[in-house]
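Throughout, protein chains are lettered first and strands after them, A, B, ... in sequence-line order, and every chain is numbered starting at 1. Keep in mind that the numbers below use all heavy atoms, side chains included, and drop hydrogens, waters and symmetry copies.
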2 protein chains.
Amino acid sequence: MPNHLDNQLCFLLYATSKEIIRQYTMLLKPYNLTYTGYIAILALEDDEQITVKELGKRLFLDSGTLTPVLKKLEATGYVLRERSKEDERQMQIYLTKAGIEVRQKLPEVSRRVMKQLNITEQQYMQLKYVLQDILQNDLPIKDEKLGK
Amino acid sequence: MPNHLDNQLCFLLYATSKEIIRQYTMLLKPYNLTYTGYIAILALEDDEQITVKELGKRLFLDSGTLTPVLKKLEATGYVLRERSKEDERQMQIYLTKAGIEVRQKLPEVSRRVMKQLNITEQQYMQLKYVLQDILQNDLPIKDEKLGK
DNA sequence: TTAAATTAGATTGCGTACAATTTAATTGTG
DNA sequence: CACAATTAAATTGTACGCAATCTAATTTAA
């Protein structure tokens, strides 16, 4: 790999995540899940009702992306969407029994992908801590704009 | 950030790269460049003619993604696309003068984004080496299929 | 208390990504 | 040579991702 992009951290993140997501996508197909649907299900606790906004915060996604994903998860039978009675603007999302069941099978998918990555425990930890650090430190800038 | 996804390496890669690309996208707008157009220009050497396929190898992108990106770069005036005379199936891509000029300004964009990330030299190096490792070791699997 | 401001989610528009298919050119083989 | 197989790029179809806008509900403040 003899090109300038290898030195570009962003490109490495971009290319790596794309390729890993491609592997997830293949393994998730039997469950009728895309990667986005997968992380949405992972982000929901078994007996939890949360709003689209709260879910979006966990996933770093907005309603423009989430609404169609959640509608598809609902059509598949993994989640239910209900208008909140207290605040009709909000949509409450929660897992169905089928959603809870499929959720229990997902760690196996993740295990298979990670196995293919073939990285050491140390590399895994390094990546995890650095990325969590970037995500926490850098990204608040989005909402800060002019000192919110 | 109290959810299970923080432990998912893939999700951290996915969320981090998305958010960094969002920052690039904002800074690239004045140059009429998207992130994909940006990495395409970075991948081209000043006096080099390469095919869509070769460019796709460098960028981990296929013609389905690259063709429209390259057409837009051509419309903007940053690259030229010419059918190869030796092999009419191939499209030769190369930078125009305007492309070479804008290319020289791009390191400044990257510098500004990296500054915002606020990571240490050590973290940068760790990330870089681990990601290059994953990209080299894991991804050949795509083409191997049944022992190519 | 009601009109303005804010908020949540949905919608729209644009630009990727990528699998699968198509088209045209080239190569390999009988 | 001729035709099958392969190859490069383009096209098609599906699914994001996100900014911007829209709509309806709620909150704020005059």
In whole angstroms, how far is the [atom2] atom of [N] from the [atom1] atom of [X]?
{"X": "E19(B)", "N": "dC18(D)", "atom1": "CD", "atom2": "C1'", "result": "10 Å"}
{"X": "L28(A)", "N": "dC18(C)", "atom1": "CG", "atom2": "C1'", "result": "15 Å"}
{"X": "K72(A)", "N": "dG13(D)", "atom1": "NZ", "atom2": "P", "result": "18 Å"}
{"X": "M26(B)", "N": "dC18(D)", "atom1": "CE", "atom2": "C1'", "result": "12 Å"}
{"X": "I21(B)", "N": "dC16(D)", "atom1": "CD1", "atom2": "P", "result": "17 Å"}
{"X": "I93(B)", "N": "dA9(D)", "atom1": "CD1", "atom2": "C1'", "result": "10 Å"}
{"X": "F60(A)", "N": "dA19(D)", "atom1": "CZ", "atom2": "P", "result": "14 Å"}
{"X": "Y35(A)", "N": "dC18(C)", "atom1": "OH", "atom2": "C1'", "result": "17 Å"}

Within the structure, does a side-chain N or O atom of [X] lie under 4.0 Å from either OP1 or OP2 of [N]?
{"X": "K71(B)", "N": "dT11(D)", "value": "yes"}
{"X": "K53(B)", "N": "dA9(D)", "value": "no"}
{"X": "R22(B)", "N": "dA19(D)", "value": "yes"}
{"X": "T36(B)", "N": "dA17(C)", "value": "yes"}
{"X": "T67(A)", "N": "dA10(C)", "value": "yes"}
{"X": "Y14(A)", "N": "dA17(C)", "value": "yes"}
{"X": "T34(A)", "N": "dC16(D)", "value": "yes"}

Note to self: Which is more 5' along DNA chain C, the nucleotide nearest K18(A) or the one nearest T51(A)? Just name the residue.
What the structure shows: T51(A)
Next item on the list: Map E88(B) and R81(A) onto DNA chain C by nearest heavy atom, then report which one ends up closer to the 5' terminus.
Entry: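 Whichever sits nearer the 5' end wins; that is R81(A).
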Next item on the list: Tell which nucleotide pairs with dC3(D), taking only Watson-Crick or G-U wobble pairs whose two distances are both under 3.5 angstrom.
Entry: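 dC3(D) is paired, partner dG28(C).
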Check: Is it true that E74(B) and R81(B) make a salt bridge, defined as a side-chain N closer than 4.0 Å to a carboxylate O?
Finding: yes
Notebook entry, point to check: Going by an N to O cut-off under 4.0 Å, is there a salt bridge joining E54(B) and R58(B)?
Noted result: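 Here E54(B) pairs with R58(B) in a salt bridge, since their nearest N and O are under 4.0 Å apart.
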Check: Q90(A) has a side chain; which of dG9(C), dG17(D), dA9(D) sits nearest to it?
Finding: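 Output: dG9(C).
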Item checked: Closest to the R89(B) side chain, choosing from dG17(D), dT26(C), dA9(D) -> dT26(C)
Tell me, do [X] and [Y] make a side-chain contact under 4.5 Å, heavy atoms counted?
{"X": "E82(B)", "Y": "M91(B)", "result": "no"}
{"X": "L95(B)", "Y": "D47(B)", "result": "no"}
{"X": "L28(A)", "Y": "L106(A)", "result": "yes"}

Note to self: Tell me whether the side-chain N or O atoms of S63(B) pair up with the base of dA10(D) as donor and acceptor below 3.5 Å, since no angle test is needed here.
What the structure shows: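 Indeed, a donor on one side and an acceptor on the other fall under 3.5 Å apart.
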Check: Just checking, any donor-acceptor pair under 3.5 angstrom between side chains of Q8(B) and Y38(A)?
Finding: yes
What contact category does [X] fall into here, base, sugar-phosphate, or nothing, at under 4.0 angstrom with non-hydrogen atoms?
{"X": "L61(B)", "result": "sugar-phosphate"}
{"X": "E54(B)", "result": "nothing"}
{"X": "D62(A)", "result": "base"}
{"X": "Q92(B)", "result": "nothing"}

